[in-house]
Amino acid sequence: MLRIGVLVSGGGTNLQAIIDGIDSGYIPDSSIELVISNKKNAYALTRATDANIETCIIGRKQFESPAAFDVALADTLKTAKIDLVLLAGFMAILGPGFFTDFKNKVMNVHPALIPSFSGPGYYGLKVHESVLAAGCKVTGASVHFVTPEVDAGPLILQLAVDVKQGDDPETLQHRVMEEAEWKIYPEAVRLFALGLLEVRGQQVYIND
Ligand code: GAR
């Protein structure tokens, strides 16, 4: 049984996609054991509670330094014997101390085709605003393993999505979620659960 921990800050639609993927059997032999939010009123916490998943709140301001926050998060996940950590709209940056026990065991979904529109400052609606400002015709989503360098870890899956004339950041965000994020995130977790992902340097090989 793969024990999954999910870190959230907001609405939790990607968390929901993973919950649904496990419930339907698409993601095999896995269970979400813990959802941690750094925001106490994140709707993702309601989604977790509705699915009978344990939750806790760990906020950066509870700690004197970013490093202490990293250690508290990692310790909580280790105590829960978590095998795979999913960042699902988690709007905080994890420092090197977090990864000591979770190398190649942390995934993130990003709402653009990395390396475009990624890195520090690119999160949530800001990504879609930047895509529209650049006049892009195509955007998409990426799932990657997380390293201390923001949005720069090995890519697992990417999927392109059309930008449509008349899009605003909200319509584009919704299309990217519906057509890409809610598909490739459960798919990446499924591949991990099946033991099919192999990281070699910056490349992720999907074995079959
Ligand atoms: C998603 O679009 C996710 O890709 C993005 O925040 C949104 C969270 O939505 N994450 C980032 O921008 C991280 N850099 P959700 O809470 O409904 O899953």
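In each ligand, atom 1 is the first atom listed, and ligand 1 is the first ligand listed. On a predicted model such as this, the values are computed, not experimentally measured, just so you know.
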_Evaluation steps, side-chain contact (heavy atoms from CB on, under 4.5 Å), between Ile22 and Ile32_ = CA-CA 9 Å; Ile22 292 172; Ile32 302 177; 3.7 Å; yes
Within a radius of less than 6.0 Å around OH of Tyr123, do more than 12 heavy atoms belonging to other residues, nucleotides or ligands occur?
no
Is it the case that over 12 heavy atoms from other parts of the model lie below 6.0 angstrom from the CD atom of Glu170?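 Result for CD/Glu170: enclosed.
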Take every heavy atom of [X], measure it against each atom of ligand 1, and state whether any distance is under 4.0 Å.
| X | result |
| --- | --- |
| Val109 | yes |
| Gly124 | yes |
| Met91 | yes |
| Tyr122 | yes |

Is any side-chain heavy atom of Phe145 less than 4.5 Å from a side-chain heavy atom of Val106?
no
ask   = Heavy atoms, side chains only, cut-off 4.5 Å: are Asn14 and Ile18 in contact?
value =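 Answer no - side chains too far apart.
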Exercise. Going by an N to O cut-off under 4.0 Å, is there a salt bridge joining Arg47 and Asp50?
Worked result: no
Of all the atoms in ligand 1, which lie at a distance below 4.0 Å from a heavy atom belonging to [X]?
| X | value |
| --- | --- |
| Met177 | 1 (C), 2 (O), 9 (O), 17 (O) |
| Gly89 | 6 (O), 8 (C) |
| Glu181 | 1 (C), 2 (O), 3 (C), 4 (O) |
| Gly11 | 16 (O), 17 (O) |

Tell me, which protein residue and heavy-atom name are nearest [atom], and how many Å apart are they?
| atom | value |
| --- | --- |
| atom 11 (C) of ligand 1 | Pro111 CD, 3.7 Å |
| atom 14 (N) of ligand 1 | His110 ND1, 3.4 Å |
| atom 16 (O) of ligand 1 | Gly12 N, 2.8 Å |

Any side-chain donor paired with an acceptor under 3.5 Å for Ser31 and Glu33?
->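 Yes, Glu33 and Ser31 have a side-chain donor paired with an acceptor closer than 3.5 Å.
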Between Asn14 and ligand 1, does any nitrogen or oxygen pair lie at a separation below 3.5 Å?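 Yes, there is a polar N/O contact under 3.5 Å.
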* Asked: N/O to N/O below 3.5 Å, does that happen between Tyr123 and ligand 1?
  -> no
*asked:* Going by the rule side-chain hydrogen bond (donor to acceptor under 3.5 Å, both in side chains), which residues pair with Asn52 if we only count those two or more places apart in sequence or in a different chain?
replied: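 Partners of Asn52 by the side-chain hydrogen bond (donor to acceptor under 3.5 Å, both in side chains) criterion come out as none, since no residue qualifies.
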### Task
For the residue pair Phe69 and Phe90, categorise the inter-ring angle as parallel (less than 30°), tilted (30 to 60°) or perpendicular (more than 60°).
parallel
